[in-house]
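Please read these numbers as outputs of a predicted model, since none were measured by experiment. Lettering of chains follows the sequences in order, A, B, ..., and the numbering in each one begins at 1.
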Amino acid sequence: DARVTQTPRHKVTEMGQEVTMRCQPILGHNTVFWYRQTMMQGLELLAYFRNRAPLDDSGMPKDRFSAEMPDATLATLKIQPSEPRDSAVYFCASGLGEERPTFGSGTRLTVV
Amino acid sequence: RKEVEQDPGPFNVPEGATVAFNCTYSNSASQSFFWYRQDCRKEPKLLMSVYSSGNEDGRFTAQLNRASQYISLLIRDSKLSDSATYLCVVIHSGTYKYIFGTGTRLKVLA
């Protein structure tokens, strides 16, 4: 089965450090989403891309978060500097056209 | 107020019971609707789409009420393996913006 690959699976970092999360969408998929999941807020859409172009990143704190797609096989989400409130599971998902997105296994981030 | 709202539960039901969840949405421009299932510490996975006329997939039935702006999921003859969190999802017309509810937790008890 084709799958969305996210790395790292787990990340523990100190407050103030830069964190980079990576996502390899399913080959051929042209829409990529970044979500953050916490117990309190549930799944929040941070940003999404279509054909590598950012369509909406209004859910993302602009001062510290950035999302990019340097090429069709890689999406990145960076946090700089990280804060304890950023601790969450970050999911990447990809889709093609009207198909429903397929999620990766997530990156579990802990900022201490 | 969140755009997509769900009762967080948990709903604790015995095996074989029928259980129903509702999900309300506030944006009337919402056009497409889905239910996802998420197991503990796993990623969400598509359960089923929700069509205007209602649709069934085995023991699962999804309904849409546009006038009242809610969707529902009915599970018949619940199994232990149905224990999970059920997330409703809406998409706005003309966009690819998938908005998730916070989920409803179901525990099916032996």
Using heavy-atom distances under 4.5 Å, tell me whether B:Ser49 contacts chain A through its side chain, its backbone, both, or neither. side chain
Do the non-hydrogen side-chain atoms of B:Pro44 and A:Phe91 ever get within less than 4.5 Å of each other? yes
Check step by step if side chain to side chain contact (heavy atoms under 4.5 Å, CB included) holds for B:Arg41 and A:Ser105. CA-CA 9 Å; B:Arg41 302 181 81 83; A:Ser105 301; over 6 Å; no
Do B:Phe60 and B:Trp35 share a hydrophobic cluster (ILVMFWY, side-chain heavy atoms under 4.5 Å, transitive)? yes
Under 4.5 Å from a heavy atom of chain A, the part of B:Gln38 involved: side chain
Enter the distance from B:Lys97:NZ to A:Leu45:CG here, rounded to the nearest 0.5 Å. 6.5 Å
According to a hydrophobic-cluster definition based on side-chain heavy atoms being under 4.5 Å apart (Ile, Leu, Val, Met, Phe, Trp, Tyr only), do A:Tyr90 and A:Leu43 belong together? no
Crowding at CZ, B:Arg105 (>12 non-hydrogen neighbours, <6.0 Å): no
Between A:Phe103 and B:Phe100, ring centroids under 6.0 Å: yes
Closest contact, heavy atoms only, B:Tyr36 versus A:Pro101: OH-O, 2.9 Å
Indicate if A:Phe33 and B:Ile99 have the same hydrophobic cluster label, given that clusters are the connected sets of ILVMFWY residues with side-chain heavy-atom separations under 4.5 angstrom. no
Does A:Arg3 CZ have over 12 foreign heavy atoms under 6.0 Å away? no
Contacting moiety of B:Ile91, where chain A heavy atoms sit under 4.5 Å: neither
With only heavy atoms counted, which part of B:Lys45 is less than 4.5 Å from chain A, the side chain, the backbone, both or neither? neither
Treat each ILVMFWY residue as a node, draw an edge where side-chain heavy atoms are under 4.5 Å apart, and state whether B:Leu80 and B:Val13 are in one component. yes
Check whether more than 12 heavy atoms from other residues, nucleotides or ligands sit under 6.0 Å from atom NZ of A:Lys11, and answer yes or no. no
Contact check, side chains of B:Thr102 and A:Gln41, non-hydrogen atoms, under 4.5 Å: no
Proximity breakdown for A:Thr38 and chain B, heavy-atom pairs closer than 4.5 Å: neither
From the list A:Asp56, A:Thr31, A:Thr102, the residue making the most non-hydrogen contacts under 4.5 Å with chain B is A:Asp56
Name the region of A:Glu44, side chain, backbone, both or neither, that has any atom closer than 4.5 Å to a heavy atom of chain B. neither
Minimal heavy-atom distance between A:Gly104 and B:Glu43, with the atoms involved, is O-CB, 3.0 Å
Please state whether the side chain, the backbone, both or neither of A:Leu55 comes within less than 4.5 Å of a heavy atom of chain B. side chain
Do the side chains of B:Val90 and A:Tyr48 join up, straight or via other hydrophobic residues, at under 4.5 Å, putting them in one cluster? no
